[in-house]
Amino acid sequence: MMKELIEYIAKRIVDNPDEVRVTEVEGEVTSVIELRVAKSDLGKVIGKEGRTARAMRTLLTAASTKIKKRSVLEIIE
Amino acid sequence: MEYKEFEGKTLDEAIASAMRELGVQFEELDIQVISEGSKGLFGIMGNKNAKILAAKAPKNQTQKGDEQKKQKPSPVGLTHITRNKDIHRDVLEEAKKRLKDILDLMNIESKISISEDNTLEIIGDGSGLIIGKRGQTLDALQFILNRIINKDKGTPVHISLDSEGYRKRHIAYLKDIAIKMGQEARRTGHPVSLEKMNPYDRRIIHITLKDDTRVNTKSVGEGIYKKVMIFPRKAPKY
């Protein structure tokens with residue numbers, strides 16, 4: 001579910017949606033969501049002063065609270 | 001222009017000492033924040049002083065990066081915070097749909113309605129989950145939604161979100177803080193700094209105090225989140 005959330009957002013803010021790859025590494029309490037995008041789109045998912053990345057992390061945290069899990073977003077270069 | 005370094009336990013104290021030493025009012029100061037300082041653990045260990053570089057600004061020099069200037073030409077009142085009037089219905093409907101998708105993916109049950117002033121109102125379970133601590137979830141939703149909607153759009157639009165009357169409450173809170181801290185600045189004769197805020201919140205503080213001739217406001221710091229500082233216009237008489 002968290003994976004789909006990030007995928008949905010990322011695909012709609014980048015120039016190359018086909019190159020968006022999201023994988024979820026699930027742990028017992030924490031899931032790591034790994035986001036990969038085209039190199040030219042890195043700035044788009046990070047945003048000015050990291051604002052976009054921070055907003056995505058905030059949404060991830062809110063969504064995770066409900067299922068009592070923790071999710072972290074890693075943007076992989 | 002020569003910059004000098006000033007230190008103080010807090011940002012306010014550092015600036016106050018700069019004003020004293022250079023013998024100028026706050027408006028005449030050109031300030032760069034080096035360190036905001038921190039109280040450290042229990043106020044004992046690891047406290048760091050706030051440090052600034054300050055110089056007397058040459059006369060008539062425009063203050064850089066200051067919202068005070070920008071807000072003056074537009075006589076916009078507090079009631080016009082949402083500049084949504086001219087957004088096309090189709091754009092709003094699209095935004096509504098995207099927002100619903102995101103909330104669904106977040107596992108949050110919600111209903112969205114478009115209010116009269118074109119704000120998207122989210123009706124959730126009333127738990128405050130959609131709003132988050134200090135409105136950060138609502139702000140994040142709004143930011144991401146605008147990113148999505150403005151992708152490939154020539155002229156960007158700004159879509160505002162609200163939930164459970166949060167924005168109204170928050171604006172009332174900010175106005176209250178502005179007035180209280182303005183009084184504090186006047187009472188003590190020292191500058192008072194507020195916590196870091198986003199540009200919209202800072203704007204409300206500036207506007208609330210803009211007609212108060214006894215204090216001045218200015219945003220200090222780098223980046224999107226800055227502190228608003230409130231200064232008494234006259235030095236206190238001891």
Side-chain angles (χ1 to χ4, degrees), chain A residues 1-24 26 29-35 37-38 40-75, chain B residues 65 91 94-110 122 124-153 156 158-159 161 163-164 166 196-201 219 221-226:
Chain A
M1 214 52 177
M2 299 302 137
K3 176 176 171 272
E4 281 82 14
L5 172 68
I6 294 304
E7 197 169 276
Y8 181 94
I9 295 170
K11 284 201 166 173
R12 277 160 188 84
I13 55 178
V14 298
D15 292 326
N16 309 288
D18 295 345
E19 287 182 56
V20 171
R21 298 276 176 279
V22 185
T23 49
E24 186 163 359
E26 251 182 279
V29 274
T30 309
S31 303
V32 181
I33 316 284
E34 296 179 337
L35 171 62
V37 296
S40 57
D41 279 329
L42 261 177
K44 290 250 163 60
V45 289
I46 294 169
K48 207 195 273 173
E49 289 176 41
R51 236 181 144 184
T52 310
R54 195 186 311 144
M56 284 196 285
R57 289 194 174 107
T58 303
L59 297 189
L60 210 50
T61 308
S64 308
T65 324
K66 237 195 142 179
I67 49 168
K68 297 199 170 80
K69 269 194 97 169
R70 228 169 65 90
S71 303
V72 285
L73 173 66
E74 291 290 347
I75 296 165
Chain B
V91 176
E94 190 204 340
K96 186 180 161 186
K97 194 178 156 286
R98 297 276 176 244
L99 179 61
K100 180 69 184 150
D101 286 347
I102 292 170
L103 288 166
D104 284 349
L105 284 168
M106 288 173 73
N107 252 325
I108 295 173
E109 269 182 51
S110 62
I122 310 168
D125 60 359
S127 67
L129 186 67
I130 292 166
I131 298 167
K133 195 170 123 202
R134 291 187 196 185
Q136 61 176 11
T137 309
L138 193 63
D139 286 342
L141 277 169
Q142 183 173 301
F143 183 78
I144 293 288
L145 185 69
N146 277 288
R147 263 291 129 89
I148 294 173
I149 295 302
N150 285 315
K151 171 106 184 86
D152 305 323
K153 268 209 179 59
H158 180 80
I159 291 164
L161 302 188
S163 182
E164 294 154 31
Y166 174 75
K196 282 188 179 180
M197 289 177 191
N198 66 38
Y200 302 106
D201 289 2
S219 297
E222 293 294 318
I224 295 158
Y225 299 93
K226 298 188 180 97

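Every chain is numbered from 1 and lettered A, B, ... according to where its sequence line falls, protein lines coming before strand lines.
B:L129 approaches A:A62 most closely through the heavy-atom pair CD1-O, 3.8 Å. Considering every non-hydrogen atom in both B:E109 and A:K66, the closest pair reads N-NZ, 4.5 Å. The nearest pair of heavy atoms linking A:A55 to B:A140 is O-CB, 3.6 Å. Residues B:I148 and A:I9 approach most closely at CD1-CA, 4.5 Å, considering heavy atoms. Annotation for B:T137 and A:L59: closest pair O-CD2, 3.9 Å, computed over non-hydrogen atoms.
Heavy-atom distances place both the backbone and the side chain of A:E4 under 4.5 Å from chain B. In this structure, no portion of B:D139 lies under 4.5 Å from any heavy atom of chain A. In this structure, chain B has heavy atoms under 4.5 Å from both the backbone and the side chain of A:M56.
At least one side-chain heavy atom of B:K151 sits less than 4.5 Å from a side-chain heavy atom of A:D15. Using a 4.5 Å cut-off on side-chain heavy atoms (C-beta onward), A:R12 and B:R98 make contact. Inter-residue side-chain proximity for B:F143 and A:R54 is flagged as unmet; no heavy-atom pair is nearer than 4.5 Å.
Annotation: the span from A:I13 atom CD1 to B:I144 atom CD1 amounts to 5.5 Å, rounded to 0.5 Å. Interatomic distance, B:K133 NZ to A:T61 OG1, rounded to the nearest 0.5 Å: 10.5 Å.
Highest contact tally toward chain A, considering only B:L105, B:I149, B:N150, B:D101, is held by B:L105 [criterion: heavy-atom pairs under 4.5 Å]. Looking only at heavy-atom pairs under 4.5 Å with chain B, the residue among A:K11, A:R51, A:K48 that has the most is A:R51.
At least one donor-acceptor pair closer than 3.5 Å links the side chain of A:E49 to the backbone N or O of B:I224.
Atom NZ of A:K69 sits in a crowded spot, with more than 12 heavy atoms from other residues, nucleotides or ligands closer than 6.0 Å.
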